[in-house]
**Q** 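I am attaching a structure below and will ask some questions about it afterwards.
Just so you know, these numbers come straight off a predicted model, no measurement behind them.
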Amino acid sequence: GGMRMKKFGILVPVVTPCDSQGQVDTQGLISVCNEMTGLGCKGIFALGSTGRGPWFGREDRIKICRAAVSAKKEDTTIFAGVMASGLNDMLENAKAMADAGADIAVMTAPGYFDYSQEEIKNIFLRFIDQSPLPVLVYDIPDFTGVKLDEGLISDLVQHENVVGIKDSSGDRERFLSLLDHFKARDDLYVFQGKEVLLGESLLSGASGFVVSLIQIDPLPFVRLWEYAQAGNQKKVSEIQAYITRLQDCVTECMSRRPQTSTLFRLLGLALKSRGICENTSMPHEGELPGWIEDYAKQCMEILQESHKIL
């Protein structure tokens, strides 16, 4: 008995498909969303890092958010990134996303400048106070250059307009500590953002997860969630082993070409090969090395192999 953390399920940080000119492919995006919600994923996160959120101007962001909203099922929640380099722009983005039909704004530390934790807290609280949408706090040091302190996160989630935290720091101890800290909060989501930590996080009570690699092949990730909710530790650790192998393959690919466009290409190749959308690469990226296709194939084979135990 007793209180338990609020469960959500799988939140998918969708790619933003585009044509060869770099224009948003709304049909492609709807197709990506439909596959995920069709498998039971409860949330679509548009304009995250995986969706190249910060790249797009506001008009495109509105178009992308509307496309995701148009694909939602009755029980789908639409999360939208509002990343920007300053508070006013973050707020303008949140208003635009609210108008476009999003349910929740996803807020990261503003990019570009170097901020103290205190400065970030002040920026965040001003944003949260004025946001027309409830807010998910998103810690992603790889992209923002700063990791949020546990104390800062604890302060922020006291705010009535904050619905939870997405942790992509990869700090296992900190995540387990957050779960422990908030275990009595049945009104708060704590999401794991790193593939290698999924199994353990779910078995420890996490609300759900948000990982880009689900788009390589969603089924193992969907089953992972289901088995974790059923408390089947054996299945969870078996599936996690495949997901960890997948991550190793992606990490090896990224170490050969660390630019973010490598990941966009990997995801795009898998989605295309599964017939979901045509392209996720942008014209400025030029010709990417052909060996990325070998990695994409290897990634898909690893997950395909997992199907026999699902």
Side-chain angles (χ1 to χ4, degrees), residues 10 12-17 32 35-36 45 48-55 139-145 147 166-175 191-202 209-225 236-282 284-310:
I10 302 174
V12 183
V14 288
V15 298
T16 301
V32 171
E35 179 189 30
M36 295 298 166
F45 173 20
S49 313
T50 310
R52 290 187 199 257
W55 169 262
D139 189 19
I140 181 152
D142 288 351
F143 285 118
T144 60
K147 180 179 169 186
K166 174 188 172 189
D167 184 354
S168 294
S169 69
D171 182 339
R172 174 182 169 273
E173 272 66 35
R174 200 226 11 217
F175 189 80
F191 288 112
Q192 179 54 260
K194 285 285 195 224
E195 282 82 353
V196 294
L197 298 175
L198 295 183
E200 183 182 18
S201 299
L202 294 179
F209 60 82
V210 196
V211 295
S212 63
L213 297 185
I214 188 171
Q215 289 161 107
I216 302 272
D217 177 357
L219 200 61
F221 293 89
V222 171
R223 292 288 178 263
L224 182 79
W225 166 259
V236 168
S237 70
E238 284 178 5
I239 299 170
Q240 179 63 56
Y242 282 102
I243 292 173
T244 300
R245 272 176 61 199
L246 167 70
Q247 180 62 66
D248 291 343
C249 185
V250 172
T251 301
E252 186 184 313
C253 181
M254 298 290 297
S255 70
R256 284 183 66 178
R257 187 181 182 280
Q259 287 72 34
T260 316
S261 50
T262 304
L263 178 63
F264 297 141
R265 173 60 59 92
L266 266 181
L267 296 173
L269 287 166
L271 286 161
K272 180 174 180 162
S273 121
R274 296 194 298 102
I276 306 297
C277 70
E278 273 306 300
N279 173 57
T280 57
S281 291
M282 288 270 177
H284 66 265
E285 289 159 1
E287 283 298 307
L288 269 69
W291 52 256
I292 297 178
E293 294 186 28
D294 303 332
Y295 279 101
K297 217 167 134 238
Q298 210 180 320
C299 285
M300 293 178 71
E301 280 166 4
I302 291 168
L303 291 188
Q304 193 54 48
E305 199 188 310
S306 78
H307 286 223
K308 64 176 192 279
I309 60 152
L310 301 179

**Q** Please list, chain by chain and in numerical order, all residues satisfying side-chain hydrogen bond (donor to acceptor under 3.5 Å, both in side chains) with Thr144, sequence neighbours excluded.
**A**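 Testing Thr144 for side-chain hydrogen bond (donor to acceptor under 3.5 Å, both in side chains), a comparison that skips the adjacent residues, returns none.
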**Q** Checking Val14 against Thr50 for the side chain to side chain contact (heavy atoms under 4.5 Å, CB included) test, could you report, in this order, the C-alpha distance in whole Å, the side-chain angles of both residues, the deciding distance, and whether it holds?
**A** CA-CA 6 Å; Val14 288; Thr50 310; over 6 Å; no
**Q** So, taking the atom named OG1 in Thr251 and the one named CZ in Arg256, what distance separates them when rounded to the nearest 0.5 Å?
**A**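 So the gap between those two atoms works out to 14.0 Å.
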**Q** Tell me yes or no: between the side chains of Thr262 and Arg257, is some donor less than 3.5 Å from an acceptor?
**A**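 A pair is found: one side chain offers a donor N or O, the other an acceptor, under 3.5 Å apart.
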**Q** Return yes when atom CD of Glu293 has more than 12 non-hydrogen atoms of other residues, nucleotides or ligands closer than 6.0 Å, and no otherwise.
**A**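 No, because the 6.0 Å sphere around CD of Glu293 holds 12 heavy atoms or fewer from other groups.
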**Q** Indicate the atoms forming the closest heavy-atom contact of Gly193 with Lys166, along with that distance.
**A**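 Here Gly193 and Lys166 meet closest at CA-CE, 4.1 Å.
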**Q** Hydrogens and angles aside, do Arg174 and Ser169 bring a side-chain donor and acceptor to less than 3.5 Å of each other?
**A**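 On atom types as modelled, these side chains qualify, holding a pair under 3.5 Å.
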**Q** Would you say Leu246 and Glu195 make side-chain contact, with heavy atoms under 4.5 Å?
**A**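 No, side chains not in contact.
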**Q** Are side-chain heavy atoms of Leu267 and Leu213 found at a separation under 4.5 Å?
**A**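 Sidechains of Leu213 and Leu267: in contact.
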**Q** What I'd like to find out is whether the side chain of Ser212 reaches to under 4.5 Å of the side chain of Ile214, using heavy atoms alone.
**A**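 Side chain of Ser212 against side chain of Ile214, heavy atoms only: no contact under 4.5 Å found.
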**Q** Would you compute the distance between atom CG of Leu303 and atom CG of Leu310 and round it to the nearest 0.5 angstrom?
**A**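 One gets 9.0 Å once the value is rounded to the nearest 0.5 Å.
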**Q** Using the side-chain hydrogen bond (donor to acceptor under 3.5 Å, both in side chains) criterion, which residues pair with Glu252? Sequence neighbours excluded.
**A**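 So Glu252 forms a side-chain hydrogen bond (donor to acceptor under 3.5 Å, both in side chains) with Tyr295.
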**Q** Can you tell me how far apart OH (Tyr242) and NE2 (His307) are? Round to the nearest 0.5 Å.
**A**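 So the gap between those two atoms works out to 10.5 Å.
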**Q** With a 4.5 Å cut-off on side-chain heavy atoms, are Ser168 and Phe191 touching?
**A**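 Sidechains of Ser168 and Phe191: no contact.
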**Q** What is the minimum heavy-atom distance between Gly199 and Leu224, and which atoms define it?
**A**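 Of all heavy-atom pairs spanning Gly199 and Leu224, the closest is N-CD2, 4.3 Å.
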**Q** Return the set of residues passing salt bridge (Lys or Arg N to Asp or Glu O under 4.0 Å) with Arg172 (not counting sequence neighbours), or none when no residue passes.
**A**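 With neighbours one apart ignored, the set is Glu200.
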**Q** Looking at residues at least two apart in the chain, or sitting in another chain, which of them share a side-chain hydrogen bond (donor to acceptor under 3.5 Å, both in side chains) with Thr244?
**A**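 Partners of Thr244 under the side-chain hydrogen bond (donor to acceptor under 3.5 Å, both in side chains) test: Gln240.
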**Q** Does the pair Val210 and Val12 meet the rule for a side chain to side chain contact (heavy atoms under 4.5 Å, CB included), with working shown?
**A** CA-CA 6 Å; Val210 196; Val12 183; over 6 Å; no
**Q** Measure from the side-chain N and O atoms of Gln215 to the backbone N and O of Leu271, and report whether any donor-acceptor pair falls under 3.5 Å.
**A**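 Looks like no, no N/O pair under 3.5 Å.
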**Q** Given Leu263 and Met254, is the side chain to side chain contact (heavy atoms under 4.5 Å, CB included) satisfied, shown in steps?
**A** CA-CA 7 Å; Leu263 178 63; Met254 298 290 297; 4.0 Å; yes
**Q** Find the distance between CD (Gln259) and CZ (Arg265) and round it off to the nearest 0.5 Å.
**A**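 One gets 13.0 Å once the value is rounded to the nearest 0.5 Å.
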**Q** Thr280 and Gly268: which non-hydrogen atoms are nearest, and at how many Å?
**A**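 Nearest heavy atoms, Thr280 then Gly268: OG1-CA, 3.2 Å.
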**Q** Among residues at least two apart in sequence or on other chains, which ones pass side-chain hydrogen bond (donor to acceptor under 3.5 Å, both in side chains) with Ser306?
**A**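 If we apply the side-chain hydrogen bond (donor to acceptor under 3.5 Å, both in side chains) test to Ser306, skipping adjacent residues, there are no hits.
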**Q** Indicate yes or no: at least one non-hydrogen side-chain atom of Met300 is less than 4.5 angstrom from one of Ile216.
**A**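 They are in side-chain contact.
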**Q** Roughly how far apart are Gln247 CD and Leu197 CG, rounded to 0.5 Å?
**A**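 Gln247 atom CD to Leu197 atom CG measures 9.5 Å (nearest 0.5 Å).
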**Q** Going by distance alone, is a donor N or O of one side chain under 3.5 Å from an acceptor N or O of the other, for Ser201 and Gln192?
**A**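 Yes.
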**Q** Side chain to side chain contact (heavy atoms under 4.5 Å, CB included) between Val211 and Lys194: does it pass, once the steps are laid out?
**A** CA-CA 6 Å; Val211 295; Lys194 285 285 195 224; 5.8 Å; no
**Q** Would you say Arg274 and Pro218 make side-chain contact, with heavy atoms under 4.5 Å?
**A**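 Yes; the side chains approach each other to less than 4.5 Å.
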**Q** Calculate, to the nearest 0.5 Å, the distance between atoms NZ and CD1 belonging to Lys297 and Ile292 respectively.
**A**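 Going from NZ on Lys297 over to CD1 on Ile292, the span is 15.5 Å.
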**Q** Can you tell me how the ring of Phe221 sits relative to the ring of Phe209, calling it parallel under 30°, perpendicular over 60° and tilted otherwise?
**A**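 Ring orientation of Phe221 relative to Phe209: tilted.
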**Q** Could you tell me whether the side chain of Val250 reaches within less than 4.5 Å of the side chain of Cys299, counting heavy atoms only?
**A**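 Of all side-chain heavy-atom pairs linking Val250 with Cys299, at least one is under 4.5 Å.
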**Q** Is there any salt bridge (charged side-chain N to carboxylate O under 4.0 Å, His left out) pair reaching into residues 241-251, and which pairs are they, with sequence neighbours excluded?
**A**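 Sorted pair list: Arg245-Glu305.
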**Q** Got Arg52 and Met282 here, is their nearest side-chain heavy-atom distance under 4.5 Å?
**A**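 Side chain of Arg52 against side chain of Met282, heavy atoms only: contact under 4.5 Å found.
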